[in-house]
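Chain letters run A, B, ... following the sequence lines, proteins first, then strands; residues in each count from 1.
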Protein chains: 2
Amino acid sequence: MTVTLADVAARAQVSPATVSRVLNGNYPVAATTRERVLRAVDELDYVLNGPASALAAATSDLVGILVNDIADPFFGIMASAIQSEIGGPGGRAGGERLAVVCNTGGSPERELTYLTLLQRQRAAAVVLTGGAMENEPHAAAVAAKLRRLGEAGTRIVLCGRPPAPETAAIALTFDNRGGGRELTEHLIGLGHRRLGYIAGPEERTTTRHRLEGHRAALAAAGIEEDPRWTVHGRYDRRAGYEATLELLRRDPSLTAVVAANDSVALGACAALRDSGLRIPDDVSVAGFDDLPFSIDVVPSLTTVRLPLAEAGARAGRIAMGREEPPPGGIATVRGELMVRGSSGAPRE
Amino acid sequence: MTVTLADVAARAQVSPATVSRVLNGNYPVAATTRERVLRAVDELDYVLNGPASALAAATSDLVGILVNDIADPFFGIMASAIQSEIGGPGGRAGGERLAVVCNTGGSPERELTYLTLLQRQRAAAVVLTGGAMENEPHAAAVAAKLRRLGEAGTRIVLCGRPPAPETAAIALTFDNRGGGRELTEHLIGLGHRRLGYIAGPEERTTTRHRLEGHRAALAAAGIEEDPRWTVHGRYDRRAGYEATLELLRRDPSLTAVVAANDSVALGACAALRDSGLRIPDDVSVAGFDDLPFSIDVVPSLTTVRLPLAEAGARAGRIAMGREEPPPGGIATVRGELMVRGSSGAPRE
DNA sequence: AGCGTTACAGCAAGCGCTTTCTATACAAGG
DNA sequence: CCTTGTATAGAAAGCGCTTGCTGTAACGCT
């Protein structure tokens with residue numbers, strides 16, 4: 001029923017081998033023959049059987065992209081950039097590759113299962129984006145899986161994720177610690193001394209690093225941190241809203257709120273406003289990531305810009321072997337402090 | 001080098017056939033044998049070869065999700081919902097399936113190529129999200145492709161996209177026209193008579209339908225539309241910003257701006273503010289979609305909520321054959337008008 | 001003319017799995 | 001004790017493609 005290579009071969013009066021070679025273009029075929037074959041392909045509306053060719057050639061054109069939350073622009077932007085370099089239709093790359101975006105939802109099991117699925121498909125490359133879980137057994141399992149994938153010839157790139165030692169993975173890590181520190185230094189510089197911090201989920205590297213940067217800045221300024229000033233929550237606006245109310249309840253004298261990321265900061269702004277506080281007159285707010293909307297909210301958000309698209313594009317190129325990996329397989333991507341309207345000097 | 005079924009079979013002292021059956025669980029295997037096989041699988045760290053099994057079984061566990069722009073939460077939210085129902089790891093579905101999110105970037109060629117790639121992979125199902133291009137030859141090509149995919153047994157679902165006649169595709173269409181109309185009726189009801197409209201890219205069904213709804217509302221209210229009041233642009237904030245400036249230049253007396261979607265509305269708000277206009281006191285603004293950030297911006301956005309997640313989930317279930325398609329294969333999903341702070345009565 | 005090249009094209013052996021059909025073993029029934 | 005049925009395992013034939021190797025012309029050289 002379905003058209004096969006052999007059908008095309010018969011129609012073009014050549015052997016299947018020749019058809020295969022025309023299609024793959026990796027072996028000399030006389031122009032007239034090629035023409036004949038292509039015509040037959042066209043006439044029969046032939047489409048290569050992917051699984052069959054993957055099996056025979058022992059390679060596939062699938063590239064996996066793992067993201068924590070595809071509904072979050074942070075990942076969407078990276079995924080988009082990665083994909084554009086992976087090639088796919090219209091990409092600059094030569095061979096057409098199918099980029100597979102896998103949504104782990106931040107769950108370790110799903111991450112692992114997706115990795116297995118990708119391994120099963122003999123993926124050509126895998127890009128893991130975003131922070132990793134710090135759960136020890138899980139981290140070990142992922143490392144083991146990455147090792148096996150690497151051994152099987154799958155190229156592995158981490159984008160916005162800390163390096164995975166003992167692994168062939170190339171890492172493009174965001175300098176979350178540095179960014180966090182710079183951000184808080186900025187607020188301290190404005191005169192803030194009582195700063196609330198809305199952290200992301202615990203056990204996430206991103207969460208920890210940003211928080212560490214924040215604390216380093218406090219320590220450097222000789223500010224002793226009050227444990228009540230830190231609240232953990234998810235990386236979304238809802239969590240930011242609730243955490244801010246909690247923070248306000250614990251210590252109404254806070255003059256600044258630093259959020260784990262821009263979405264959280266958005267929720268924080270809403271909560272402050274609903275509490276009758278003005279931004280930045282009463283309380284300053286800062287985010288992280290500099291997502292597209294951050295410049296449009298009112299007041300616009302002071303944040304740390306992460307070059308998501310650039311990093312993603314680079315990760316994609318490395319995954320495709322079109323760019324040299326950084327020396328040592330590790331590169332740190334720095335953020336840039338964006339001072340905007342949501343931060344100002346504290347009152348009095 | 002890599003472990004194969006045969007290796008597992010040898011280790012478990014059974015035939016390859018038995019191992020296959022244990023793994024697929026679709027044939028009776030004695031409990032003790034199964035145990036032995038599973039142990040061997042574990043010990044050898046065996047991972048099924050996807051392409052090989054897809055070839056032999058003539059089916060694959062890939063499900064394609066086509067989106068116009070993965071960096072846009074509109075698509076991210078739908079994709080996320082679809083994927084969660086597709087199964088994938090952790091999903092409710094039984095067999096594990098790999099959801100493949102393909103980013104077409106709104107380009108007809110890429111859409112077609114992705115469809116071919118999916119066809120090549122013998123995808124189990126394909127979900128196309130978002131508006132379609134109204135380019136005739138392209139539409140025909142897509143329809144033809146969908147037909148062939150359907151013939152090959154791939155289930156096809158359109159989510160937020162108009163029905164594709166002559167095709168086996170199930171369509172979950174958004175009522176963009178109705179939503180657009182309701183939105184503009186709301187503004188007219190507030191007293192607005194001079195309304196600017198920032199439309200999306202031309203040749204997109206979504207763009208056209210929303211605009212038609214808007215115009216229907218104007219017509220119903222007996223308002224004659226000035227051609228200067230409509231500007232086309234992309235579906236992002238940048239386009240909204242520029243289009244608004246253009247609108248203001250053309251007719252500074254506008255009292256309301258209706259945007260093609262929330263991102264565009266965000267840009268519109270920024271442009272208005274930068275022009276020294278207050279929202280909604282001087283100019284009202286309305287969006288479409290009700291993305292998560294829309295409630296958090298200041299003033300919060302009047303918009304039409306589209307049940308993106310619900311529709312996506314339903315599309316996913318239908319694609320997996322876990323939910324009955326709607327009668328006739330077509331269902332219309334309605335939006336809900338959300339009146340918020342960005343719209344108010346015009347001055348004087 | 002003779003011989004080594006070059007340039008294509010075909011043969012055929014798999015790639016690793018699924019699945020139909022067949023074989024075996026044991027239990028139950030007569 | 002033999003027949004029939006039932007449960008389970010194996011043998012083997014592909015699935016549709018790629019590719020190393022083997023022709024075989026036609027060509028260029030001396």
Side-chain angles (χ1 to χ4, degrees), chain A residues 1-38 40-41 44-62 95-96 117 119-124 152-153, chain B residues 1-38 40-41 44-62 95-96 117 119-124 152-153:
Chain A
M1 204 215 95
T2 53
V3 184
T4 71
L5 237 210
D7 299 331
V8 176
R11 173 143 200 150
Q13 314 213 55
V14 296
S15 72
T18 301
V19 178
S20 170
R21 301 205 256 247
V22 167
L23 262 24
N24 291 297
N26 49 13
Y27 192 87
V29 172
T32 61
T33 314
R34 184 204 316 292
E35 196 113 321
R36 203 141 35 86
V37 170
L38 290 178
V41 166
L44 295 176
D45 213 349
Y46 171 68
V47 174
L48 196 66
N49 182 317
S53 84
L55 172 59
T59 61
S60 110
D61 49 7
L62 239 57
E96 270 160 9
L117 242 31
Q119 180 182 6
R120 177 177 300 182
Q121 300 295 334
R122 304 300 187 251
Chain B
M1 205 216 97
T2 53
V3 183
T4 72
L5 237 210
D7 298 331
V8 176
R11 172 142 198 150
Q13 314 213 54
V14 296
S15 71
T18 301
V19 177
S20 169
R21 301 205 256 246
V22 168
L23 263 24
N24 290 297
N26 50 12
Y27 190 90
V29 172
T32 62
T33 315
R34 182 204 317 292
E35 195 113 321
R36 203 140 36 86
V37 170
L38 290 178
V41 166
L44 295 177
D45 213 348
Y46 171 68
V47 174
L48 198 65
N49 182 318
S53 83
L55 172 59
T59 62
S60 111
D61 48 7
L62 239 55
E96 271 160 9
L117 241 32
Q119 182 182 4
R120 177 177 300 182
Q121 298 296 334
R122 305 300 188 254

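- Under the 4.5 Å side-chain criterion, counting only non-hydrogen atoms from C-beta, B:Val22 is in contact with B:Leu38.
- Pairing each heavy atom of B:Pro51 with each of B:Asn49, the nearest pair is CD-OD1, 2.9 Å.
- The two residues B:Leu48 and A:Arg122 make their nearest non-hydrogen contact at O-NH1, 3.6 Å.
- For the pair B:Asp61 and A:Gln121, the minimum side-chain heavy-atom distance is below 4.5 Å.
- Listed by residue number, A:Asn24, A:Asn26, A:Tyr27 are the residues of residues 24-35 of chain A with a heavy-atom contact under 4.0 Å to DNA chain D.
- In this model, the phosphate group of C:dG16 is not approached by any side-chain N or O of B:Ser53 to a distance below 4.0 Å at OP1 or OP2.
- The CG-P distance, from A:Leu5 to C:dC11, rounds to 14 Å in whole Å.
- Taking 4.0 angstrom as the limit, A:Ser20 places a side-chain polar atom (N or O) nearer than this to OP1 or OP2 of D:dT18.
- If you measure from atom CG of A:Asp61 to atom P of D:dT18, you get 11 Å, rounded to the nearest angstrom.
- Contact detail for A:Ala40 and A:Arg11: the closest heavy-atom pair is CB-CG, 3.7 Å.
- Both B:Val14 and B:Arg122 lie near DNA chain D, and the one whose nearest nucleotide falls closer to the 5' end is B:Val14.
- Between B:Ala9 and B:Ser15 the shortest heavy-atom distance is CB-C, 3.7 Å.
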What does the list of N/O pairs under 3.5 Å between the protein and nucleotides 11-15 of chain D look like, with a distance for each?
from, atom 1, to, atom 2, distance (Å)
D:dC15, O2, B:Ala56, N, 3.4

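- Looking at A:Val14 and A:Val19, their side chains come closer than 4.5 Å, going by heavy atoms from C-beta outward.
- Distance, B:Gln13 CD to D:dT8 C1': 17 Å, rounded to whole Å.
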Show every donor-acceptor pair shorter than 3.5 Å between a side-chain atom in residues 23-36 of chain A and any protein atom, with sequence neighbours excluded, or say none if there are none.
from, atom 1, to, atom 2, distance (Å)
A:Asn24, ND2, A:Ser20, O, 2.9
A:Asn24, ND2, A:Ser20, OG, 3.3
A:Arg34, NH2, A:Val29, O, 3.2
A:Arg36, NH1, A:Ala12, O, 2.5

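- To the nearest angstrom, C1' of C:dT18 lies 12 Å from CG of B:Leu23.
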